Amino acid sequence: MNAQTIMICSGKGGTGKSTVSVLVGAKLAARGKRVLLIELDSGLRSVDVISGVYGKTVYDIEDVLCGRCPGEKAIVQSPLYPGLSVISAPYEGGEVRAAPLAGLILAMRDYFDFILLDTAAGMGAPFCAADQLADRALVVLTPDPIALRDGRIVADTLLQHDHAPSSVRLVVNRVSRSSFGRDSAVYDLDECIDTVGLQLIAVIPESRELQQAGAAGTELPPGCLAALAGEALAGRLLGERIPLVAL
Ligand SMILES: Nc1ncnc2c1ncn2[C@@H]1O[C@H](COP(=O)(O)OP(=O)(O)OP(=O)(O)O)[C@@H](O)[C@H]1O
Ligand SMILES: [Mg+2]
């Protein structure tokens, strides 16, 4: 087995990278895939809470990258989403470097189908390390002009760094009926796509269930709209042709 590595990035902070990382990881795992989610956001961790591993982690990604423990010791199984394994970010930030991260990915490749790299906002060390190592990228943006403009810069950077256009996709997150229209700052999804310059792979609705489950560290109710959008995203990553449906 040879895991596919997918980075999740944004540009602007708080667009939902960690939330979408756990969502798509959970849904790939629900499809029987073995998924390792690594949070690279040193000092600002949140994946531990969203995936339910909070309080269960002894070692974090910095311990692994600094050689203080082997990768397998830092892996914690999500109690909420069977099949989803997590390596948490440290509470205090060291810099993520590409070389040891590459070593970890190499060591883990045979044991997983997908390795998800949840990066920090912007194009700092976590982004640069993931950029060098990922097979594919998901750019997660909210439908607002600043997120989209910053997303364009991130998308252009990825494409300039030899990622094939087909391997870099746009996820528009937190979409509601009021996101678009004449009175909104962004007219429609086409404007998102045109501004960022990437093909759309998923639209995730604004979801109280997703927000509450993430904040409380509880399972996302399987039938809710956000869960269905996550299932569709996972299916598309697996190569299935699933139409994007209007909310
Ligand atoms: N689709 C959604 N519906 C409702 N709330 C959402 C949705 N996606 C994310 N959120 C909320 O937005 C906030 C930020 O999400 P999250 O931490 O996943 O963003 P991030 O991009 O990882 O942030 P950072 O840049 O700090 O790493 C959280 O409170 C989360 O619950
Ligand atoms: Mg995050």
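Ligands are counted one by one from 1 in listed order, and the atoms in each one are counted from 1 as well. None of these values were measured; they are calculated from a predicted model.
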Is ligand 1 under 4.0 Å from a heavy atom in the side chain of [X], in the backbone, in both, or in neither?
{"X": "T19", "answer": "both"}
{"X": "P205", "answer": "backbone"}
{"X": "V140", "answer": "neither"}

Check this for me: does any side-chain nitrogen of one of [X] and [Y] sit under 4.0 Å from a carboxylate oxygen of the other?
{"X": "R149", "Y": "D156", "answer": "no"}
{"X": "E240", "Y": "R31", "answer": "yes"}
{"X": "R45", "Y": "E39", "answer": "no"}

N/O of [X] under 3.5 Å from N/O of ligand 1, yes or no?
{"X": "K12", "result": "no"}
{"X": "G16", "result": "yes"}
{"X": "K17", "result": "yes"}
{"X": "G14", "result": "yes"}
{"X": "D118", "result": "no"}
{"X": "T119", "result": "no"}

(request) Could you please tell me which protein N, O or S atoms lie under 2.8 Å from the Mg ion (ligand 2)? (result) S18 OG
(message) I need the L141 CG to K12 NZ distance, nearest 0.5 Å.
(response) 9.5 Å
(request) Quick one: look up the protein heavy atom nearest atom 11 (C) of ligand 1 and list residue, atom name and how far away it is. (result) R174 NH1, 3.5 Å
(message) Tell me the protein heavy atom at minimum distance from atom 8 (N) of ligand 1, and give that distance in Å.
(response) N173 ND2, 2.9 Å
(request) Taking only heavy atoms of D41 into account, list the atoms of ligand 1 that are under 4.0 Å away from them. (result) 27 (O)
(request) Give a yes/no on ligand 1: does A215 have at least one heavy atom closer than 4.0 angstrom to it? (result) no
